[in-house]
Amino acid sequence: MTSQSGRSQILATWQEAFTRLNANQPGITGLMNFTKAWKFAREYLYPIDINNPSTKVYAAHEVRTAFEVLGKARRLAAIFEAFLEDMRTQQHLITRDVNHHMSLHEETSDPRAVADLVYRLTEWHSAWEPGQEFGHQVLSAFNHTFQTHVFSVLPASFSSGFKSLIDMTLQPYLDKEESRSRGGEYPADLRLWAGFECLGMLERYESLISSVCYEAIEKHVWDKCARSWAEPELVNLREWITDCIVPWMLLPYARGARNSEEAKVMLQGVGARFDFHMCKTLCDLRIGEIFDIIVDYPDSKGALQDLKECLQRVDQRSQLVLALRRANARRLLHPGADTKDILAQYVSIMRCLRFIDPPGVLLHKVADPIRKYLRGRPDTIRCIVANLVGDKESGDSLADVDEPVQPLSQVQLEDYSDPNWEPEPIDAGPDFRKNKPSDTISTLVSIYDSKDLFVKELQVLLAQRLLLVQDGNFDNERRNIEILKVRFGEAQLQVCEVMLKDMTDSKRIDQHIQTQNECVLHSTIISRHFWPPLQGNKLIMPTQFKEVQDQYANGFAEFKPDKKLHWLPQLGTITLEVELQDRTIEAEVTPLEAAVIGLFGEKDRWTTEALTSSVGGTIEESAMTKALNKWVNLGVIKENEGGEFILLEIQEEGGAKPTASRQAVMEEAPSVMTVEQQQAEQMKVYWRFIEGMLTNLGSLPLDRIQTMLRIAPGYDKTVEQLAAFMEAARREGLVTVHGAHWKLNR
Amino acid sequence: MEQLTSSLAPPRASTKQPAQGASQDAAGSVTKRLSSELMTLMMSSFPGISAFPKSDANLFEWAGTIEGASATIYAGLRFKISISFPPNYPYAAPTIKFDTPCYHPNVDLTGGAICLDILQDKWSAVYSVQTILLSLQSLLGEPNNASPLNPDAARIWDKPGEFKTQLMKFYRPINEDGPI
């Protein structure tokens with residue numbers, strides 16, 4: 001049964017196939033025709049070896065008839081199947097060529113070998129390609145098979161070879177000058193690009209092509225822009241892309257464009273990518289250089305302009321912050337940098353980042369560590385204050401010259417009813433405040449929590465400057481105080497005002513006393529309560545100076561009976577003449593120096609110790625040595641081997657200008673206590689109180705100590721400051737702590 | 001002129017202020033005196049004497065510490081005292097008593113009261129906490145045996161060995177960590 005039905009089925013199939021192939025021809029003539037047509041078609045399509053091409057020419061009508069026959073018998077698919085099969089058997093020919101060219105390339109690494117390979121492959125392709133008339137499907141099947149084979153036999157080195165080949169085609173375009181001279185005409189190897197296209201290489205190696213372009217862009221940006229910050233470069237770079245890269249881009253990216261409009265559309269996507277890449281490269285470059293750019297500000301404004309534009313296109317803000325913070329930490333915030341320089345750089349950073357990012361988010365992020373660091377430096381306040389006062393000598397001031405003097409701005413609340421209100425930028429941190437003081441000085445002052453510190457430091461500085469003024473011209477200081485009044489407010493500078501008034505008053509008082517009682521001494525009378533504590537050792541002026549002082553004091557007592565003069569002799573200057581046997585020396589000296597030479601008037605020989613005890617006994621040795629050196633340098637006294645100083649009534653040969661080694665031992669001691677010194681002084685007082693309470697009240701917790709210290713006059717420290725202080729005391733072994741209770745260490 | 005200004009001032013303020021102001025002034029001046037005494041005491045450094053207000057809210061109650069002077073029988077011993085200032089200080093003497101039991105001819109062993117002339121009839125406004133503390137310190141070494149509060153102690157003062165035994169029997173060292 002089974003064999004019966006199977007046989008009949010086979011029979012039917014065979015019959016059907018025969019009828020189809022025989023095409024209803026009598027006998028087997030149809031079959032014969034078909035066989036002939038098949039053979040002919042197969043031979044026609046057969047992938048030939050182009051190294052020894054057959055000269056056989058096929059007549060077009062014959063080809064057509066053959067394929068018509070095959071078509072009628074519905075065997076076209078089968079014939080192409082057979083053709084692809086033939087291709088597979090012939091593939092070794094291509095493989096041989098590929099290997100040949102690639103080994104050539106590997107030997108010479110000449111991209112032209114790759115180009116030759118591409119030409120060759122194109123030849124193979126066109127030789128084997130069935131005619132257009134077979135339709136799209138057949139062609140794409142052919143291309144697919146052909147490309148599959150080619151790509152399967154291409155060695156790994158082909159990618160790099162291809163890349164260098166692309167690079168070679170790009171190079172002539174890159175030189176702008178050259179391209180201009182050629183009038184925009186390029187030696188484009190159109191055959192090569194056509195080859196790329198028909199071999200499907202443009203799609204397959206798209207990333208390689210664009211990476212060549214990226215690299216060219218990177219190189220150009222680096223060459224043109226590295227360390228040149230004066231002018232904005234972005235415009236030039238964009239111009240360069242339009243002039244140089246775009247004409248080349250037409251080759252791979254705008255194939256088949258019929259007119260410039262179409263080309264434009266096709267280039268849009270890839271062009272945007274290149275532009276982005278250029279911005280990113282420039283941005284990376286500038287971020288790498290940012291610290292130096294800021295140092296060079298304002299000569300580097302062009303670079304900042306570029307950076308600003310790039311940042312809008314490329315989201316690299318966090319990288320910028322990171323890079324700048326890192327550079328600051330490495331190059332700025334270390335003990336080797338001057339506070340003045342740090343401040344100057346901080347101000348530059350402020351200006352630069354405000355330029356790049358007006359809302360100040362970047363600045364806020366970058367400034368934080370700087371501010372923290374500055375807070376820890378002891379001389380920051382002094383530097384800022386010196387700048388507020390505007391040292392004429394130092395030249396460049398931190399504040400902009402054109403920045404108007406204005407009151408220190410306070411943090412304002414956001415005004416949500418403002419129609420121009422804008423939300424905070426997206427990368428703003430939680431503690432970012434938009435309405436922060438924006439002028440330089442306010443920002444600097446806001447490093448510290450309170451303005452009081454500044455005012456105190458200001459007083460010290462003013463005191464120093466006022467005491468240095470010799471000619472009685474206080475216009476400068478007055479002007480400064482007026483400026484600062486605008487900034488800090490009138491009330492804060494009351495004390496400074498009194499100090500200034502003291503100076504003018506003493507001039508008046510002095511004039512009055514002089515009219516009553518002519519005196520060589522001129523005094524500056526200051527109100528002790530309003531001046532910062534004046535440092536210095538008690539200096540007792542000897543004999544003749546003392547007489548002058550007393551005489552003057554009497555004159556003052558008559559003029560102002562309710563007040564008493566308390567002399568600070570160490571702060572004055574004295575112009576005196578030293579009369580010796582053979583010469584007279586005129587000199588302007590400090591009181592100590594005058595006292596020393598005065599003592600030599602009584603006696604010819606002195607030891608340092610004897611001199612020190614004669615002027616009060618509290619003079620530091622270094623100061624005394626300095627005073628003695630002054631006279632040694634003037635040739636008035638000399639030191640003998642016994643450590644004694646001898647007065648030279650008669651000048652010694654060559655003794656007038658003695659050795660340079662006897663230089664001044666130390667710089668002029670600051671006569672006014674600095675704020676830190678004052679604070680240290682204060683802390684000593686508070687320590688007595690702490691000691692007192694711990695002795696009598698037993699062990700106490702920190703906050704109790706803090707409240708108890710309110711008894712102490714003028715105590716204004718925070719609990720944190722107290723904690724730090726107690727911790728320091730603990731380290732010195734003065735106190736111990738058990739639980740949260742502090743106890744004296746006995 | 002004074003009348004004119006007072007009549008110009010708001011009536012409520014003018015009626016209330018004088019009385020209140022006077023007492024405030026008085027309290028204020030005592031407080032001022034006490035804090036200046038505290039400052040002086042803190043800044044001077046006499047070994048073995050010290051005192052400090054018990055709280056920052058009330059400057060009239062102080063705690064003090066007196067250490068026996070060296071070369072006396074009280075050497076190395078520390079005594080706590082409390083000082084209570086009257087509202088009219090310094091016109092009246094502060095009340096002082098020993099908190100640490102002190103076996104001494106002029107000190108009440110149980111109550112801590114002290115028999116010292118400058119704290120009673122010989123008081124003068126020129127004395128200060130500092131002088132009182134110094135007097136007490138010297139009283140420890142040189143008792144006034146003529147008017148003893150503790151007759152037993154006065155009796156055996158001349159026998160140092162016996163005195164020391166009695167002294168140490170009653171003495172309790174100051175507990176630094178304990179509550180005050």
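Residue numbers begin at 1 in each chain, while the letters A, B, ... track the order of the sequences. Remember, it's a predicted structure, so these values are computed and weren't measured experimentally.
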Practice task
Compare all side-chain heavy atoms of B:Phe52 with those of A:Leu697 and state whether any distance is below 4.5 angstrom.
Solution key: yes

Practice task
Side chain from CB out, backbone as N, CA, C, O: work out which of these in B:Ser55 comes under 4.5 Å of a heavy atom of chain A, or both, or neither.
Solution key: both

Exercise for the section: Quick one: closest heavy-atom pair of B:Asp56 and A:Met708, and the distance? Expected result: N-SD, 3.4 Å

Fill in the blank from the handout: If one checks every heavy atom of B:Leu59 against chain A at 4.5 Å, the contacting part turns out to be side chain

Exercise for the section: Using a cut-off of 6.0 Å, state whether more than 12 heavy atoms not belonging to A:Phe559 lie near its atom CZ. Expected result: yes

Fill in the blank from the handout: Of all heavy-atom pairs linking B:Lys80 and A:Thr695, the shortest is NZ-O, 3.5 Å

Practice task
Give a yes or no on whether B:Glu142 atom CD has more than 12 heavy-atom contacts from other residues, nucleotides or ligands under 6.0 Å away.
Solution key: no

Handout entry: Check: A:Asn696 side chain, B:Thr65 main-chain N or O, donor-acceptor pair, under 3.5 Å
Key = yes

Completion exercise
Tightest non-hydrogen contact, residues A:Arg688 and B:Met42, listed as NH1-O, 2.8 Å

Handout entry: Separation of B:Ser50 OG from A:Leu744 CG (nearest 0.5 Å)
Key = 9.0 Å

Problem - Contact class of B:Ser82 relative to chain A, heavy atoms under 4.5 angstrom - result: neither

Fill in the blank from the handout: Correct closest heavy-atom pair for B:Lys54 and A:Arg704 would be O-NH2, 2.8 Å

Practice task
For A:Phe530, look at atom CZ and say whether over 12 heavy atoms of other residues, nucleotides or ligands are found less than 6.0 Å away.
Solution key: no

